[in-house]
Protein chains: 2
Amino acid sequence: MRVLVVDDEVRLARSLRVGLEAEGFAVDVANDGTDGLWLARENDYDAIVLDLMLPGINGYKVCETLRAEQDWTPILMLTAKDGEWDQVEGLDTGADDYLTKPFSFPVLVARLRAVARRGARERPTELRVGDLRVDPAARRVWRGETEVELTAREFSMLAFLARHPGDVVSKRQILEAVWDVDFDGDPNIVEVYVRHLRNKIDRPFGRQAIETLRGAGYRLRSDGG
Amino acid sequence: MRVLVVDDEVRLARSLRVGLEAEGFAVDVANDGTDGLWLARENDYDAIVLDLMLPGINGYKVCETLRAEQDWTPILMLTAKDGEWDQVEGLDTGADDYLTKPFSFPVLVARLRAVARRGARERPTELRVGDLRVDPAARRVWRGETEVELTAREFSMLAFLARHPGDVVSKRQILEAVWDVDFDGDPNIVEVYVRHLRNKIDRPFGRQAIETLRGAGYRLRSDGG
DNA sequence: CGTCGACGACGAGCACACGCATAGGGGCCT
DNA sequence: AGGCCCCTATGCGTGTGCTCGTCGTCGACG
């Protein structure tokens, strides 16, 4: 169980290292945000304990950056005063849990085990394919900076494609994912909706994100067209 | 140290009772939400372990009800699948901590001690979505500076929406959260209440906080409209 | 290099189910 | 007894999903 501790308070960091190692964790320590980010990128941790207040890059940004780079390592955020830190905000940044200082060590361990056990869940938050952004939770889509309105079916289909960027997906796969596993209508419907999608996310922007592979299926270009 | 365990899984409840008593807790057990609520009202516990999925009144509602009655007994929420339960939502309902099943017993004990030690906290939580303010504890709502009067159902529904600002919530989700997990009546009821809400928090202010997404559900604009 | 076949693109039209609106009855509490 | 709230029931408009027929285009093969 590998853990990265990012905290600038040297004494606290040290006692965390000792304590966690006694609990059987393998611990790395960084004393500022830059180092923390670097270590997090280079290694594969089971969890990261991240202080919010840091010299250089603060914990908030570190977390945000990792998530933006598709790194979903579980993060336990440490916050100094509960007043100025909004829990919701913390979790929204992409942290998996938070703890308010001062905290008791057993609680930290318990929480750490909990977030690590849950593991790096892949986040549904936002799919990015080139300059195409799909947010399944909010059911919103952007091409670059402009938002695009899609109907339920259109969205469902784009979301499916966006989950397989650069891959060829057959008509059958699309039918099963977007319609039903035992869909037996006219497969033509897929072509119709591909067209609708192209009219909304490609044509107005003079781009070509959805490619046709004759006899094989469709492919969403991973560079977004 | 008195603890109330509310869980419908009889075997789990029993082993929790045995384990916690071995740890020195005095344990009461309820097997459904109704009993749990009743026991919580009648007695003065140091903490409550509350399962989310319950027959009768679900854990979500139990928690909400207690808080509405100004009962701040620390609550540790147990959630079945981490997928369908949003941690933020759990904490905002008024729970003090949460634990995802399956969990290890020592972790449960540690967390339980932690929330109990912290004690009955005074309630801060207020949900803010744009200029819309929802106070789940006090059951009050403001649009800007003017307070809005809502009925129980209306409030429950708005609170749910406010816990997912900017996200689409399906009619099914709303039914499960606001009504019951196994609600089987006419989903039309959701539309009716959406209308009521709009009449109270949107129309008088010439705003549009609740959006309709055909075939998908509803969305509370995160800027409040 | 030309022809033919198959697959996909396209446009328009139709049906329907989804969501909106409103009214009214039943139950609970005061 | 009255009022309030919750839910059911029904009609209505419209956006959405889907069907269908035709046209265009790619690719294979002689």
Side-chain angles (χ1 to χ4, degrees), chain A residues 139 141 148-161 168-180 182-204 207-220 225, chain B residues 34 57 61 64-65 68-69 139-141 148-161 168-180 182-204 208-220:
Chain A
R139 238 191 162 83
V141 177
V148 180
E149 305 263 332
L150 298 182
T151 70
R153 275 277 192 265
E154 290 163 1
F155 185 89
S156 177
M157 186 157 161
L158 178 61
F160 178 70
L161 290 173
V168 184
V169 289
S170 70
K171 224 175 273 191
R172 187 73 236 163
Q173 281 178 285
I174 297 176
L175 284 171
E176 290 182 1
V178 179
W179 276 261
D180 195 17
D182 47 348
F183 177 90
D184 67 339
D186 191 344
N188 178 15
I189 191 72
V190 174
E191 299 159 19
V192 172
Y193 275 89
V194 165
R195 176 160 182 279
H196 289 164
L197 272 182
R198 291 210 251 236
N199 281 343
K200 292 193 176 179
I201 66 165
D202 278 345
R203 200 146 81 180
R207 313 285 284 288
Q208 163 87 336
I210 305 177
E211 299 176 304
T212 304
L213 283 295
R214 278 216 159 218
Y218 296 89
R219 178 169 58 197
L220 185 66
Chain B
T34 319
I57 313 173
K61 300 235 24 161
E64 210 174 38
T65 307
E69 293 168 1
R139 290 208 162 239
R140 304 176 74 177
V141 177
V148 180
E149 304 267 332
L150 297 182
T151 71
R153 277 275 190 258
E154 290 163 0
F155 183 89
S156 181
M157 185 155 159
L158 178 61
F160 179 71
L161 290 173
V168 185
V169 290
S170 70
K171 226 174 270 192
R172 186 74 238 162
Q173 281 178 284
I174 297 176
L175 284 172
E176 290 182 3
V178 180
W179 278 262
D180 196 16
D182 47 349
F183 176 91
D184 67 339
D186 192 342
N188 178 10
I189 189 70
V190 173
E191 298 159 20
V192 173
Y193 274 88
V194 165
R195 174 155 186 278
H196 290 163
L197 272 181
R198 291 210 251 235
N199 282 343
K200 292 193 177 179
I201 66 164
D202 277 344
R203 201 146 79 180
Q208 163 88 335
I210 305 177
E211 298 175 301
T212 303
L213 301 179
R214 277 216 158 218
Y218 296 89
R219 180 171 61 196
L220 185 66

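Only heavy atoms go into these numbers, but all of them, side chains included; no hydrogens, no water, no symmetry mates. Bear in mind the structure is a predicted one, so any value in this text is a computation, not a measurement.
Toward the 5′ end of DNA chain C lies the nearest nucleotide of A:G217, the other residue of the pair B:V194 and A:G217 mapping further downstream.
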#### Entry: Stepwise salt bridge (Lys or Arg N to Asp or Glu O under 4.0 Å) test for B:E191 and B:R195
CA-CA 6 Å; B:E191 298 159 20; B:R195 174 155 186 278; over 6 Å; no
### Query
Can you check salt bridge (Lys or Arg N to Asp or Glu O under 4.0 Å) on B:E149 and B:K200, steps first, answer last?
CA-CA 8 Å; B:E149 304 267 332; B:K200 292 193 177 179; over 6 Å; no
### Task
In sequence, state the C-alpha distance, the side-chain angles, and the governing distance for A:V169 and A:L220, and then conclude on side chain to side chain contact (heavy atoms under 4.5 Å, CB included).
CA-CA 9 Å; A:V169 289; A:L220 185 66; over 6 Å; no
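Distance, B:R203 CZ to C:dA21 P: 7 Å, rounded to whole Å. In this entry the distance linking CZ of B:R153 with P of C:dC28 reads 14 Å, nearest Å. B:R219 has its CZ atom 16 Å from the C1' atom of C:dG19, to the nearest Å. With rounding to whole Å, A:E191 atom CD is found 12 Å from C:dA6 atom C1'. Distance A:Y193 OH to D:dG15 C1': 11 Å, rounded to the nearest Å. The separation between A:R198 atom CZ and C:dC10 atom C1' is 11 Å, rounded to whole Å. To the nearest angstrom, P of D:dC6 lies 9 Å from NE2 of B:H196. Summarising the geometry, the separation between CG on B:N199 and C1' on D:dC5 is reported as 15 Å, rounded to the nearest angstrom.
Between atom CG of residue A:D182 and atom CD of residue A:E176 there is a gap of 9.0 Å, rounded to the nearest 0.5 Å.
What you find for B:W179 and B:R153 is that their closest heavy atoms are NE1-NE, 3.2 Å. The two atoms that bring A:A152 and A:R139 nearest to each other are O-NH2, 3.7 Å, heavy atoms only. Nearest approach of B:P187 to B:K171, heavy atoms of both residues: O-CD, 3.8 Å. Nearest approach of A:L197 to A:E154, heavy atoms of both residues: CD2-O, 3.8 Å.
Listed pair A:Y218 / C:dC7 fails the phosphate criterion, with no side-chain N or O lying under 4.0 Å from OP1 or OP2. A close approach under 4.0 Å does occur between a side-chain nitrogen or oxygen of B:W179 and OP1 or OP2 of D:dC7. A sub-4.0 Å separation between OP1 or OP2 of C:dC7 and a side-chain N or O of A:K171 is absent. Within the 4.0 Å cut-off from OP1 or OP2 of D:dG17, at least one side-chain nitrogen or oxygen of A:T151 is found. Contact annotation: B:R195 reaches the phosphate of C:dT22 (side-chain N/O to OP1 or OP2, under 4.0 Å). In terms of phosphate contacts, B:T212 brings a side-chain nitrogen or oxygen within less than 4.0 Å of OP1 or OP2 of C:dC20.
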Enumerate the protein-to-nucleotides 8-10 of chain D contacts in which both atoms are nitrogen or oxygen and the separation is below 3.5 Å.
{"unit_1": "D:dA9", "atom_1": "N6", "unit_2": "B:N188", "atom_2": "ND2", "d": "3.4"}
{"unit_1": "D:dT10", "atom_1": "O4", "unit_2": "B:N188", "atom_2": "ND2", "d": "3.1"}

Show the distances under 3.5 angstrom between N or O atoms of the protein and N or O atoms of nucleotides 23-30 of chain D.
{"unit_1": "D:dG24", "atom_1": "N2", "unit_2": "A:R214", "atom_2": "NH2", "d": "3.4"}
{"unit_1": "D:dT25", "atom_1": "O2", "unit_2": "A:R214", "atom_2": "NH2", "d": "3.2"}

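Applying side-chain contact (heavy atoms from CB on, under 4.5 Å) to B:Y218 and the options B:I210, B:V168, B:L213 leaves one that passes, B:I210.
Residues passing the salt bridge (charged side-chain N to carboxylate O under 4.0 Å, His left out) test with A:R203: none are found, sequence neighbours excluded.
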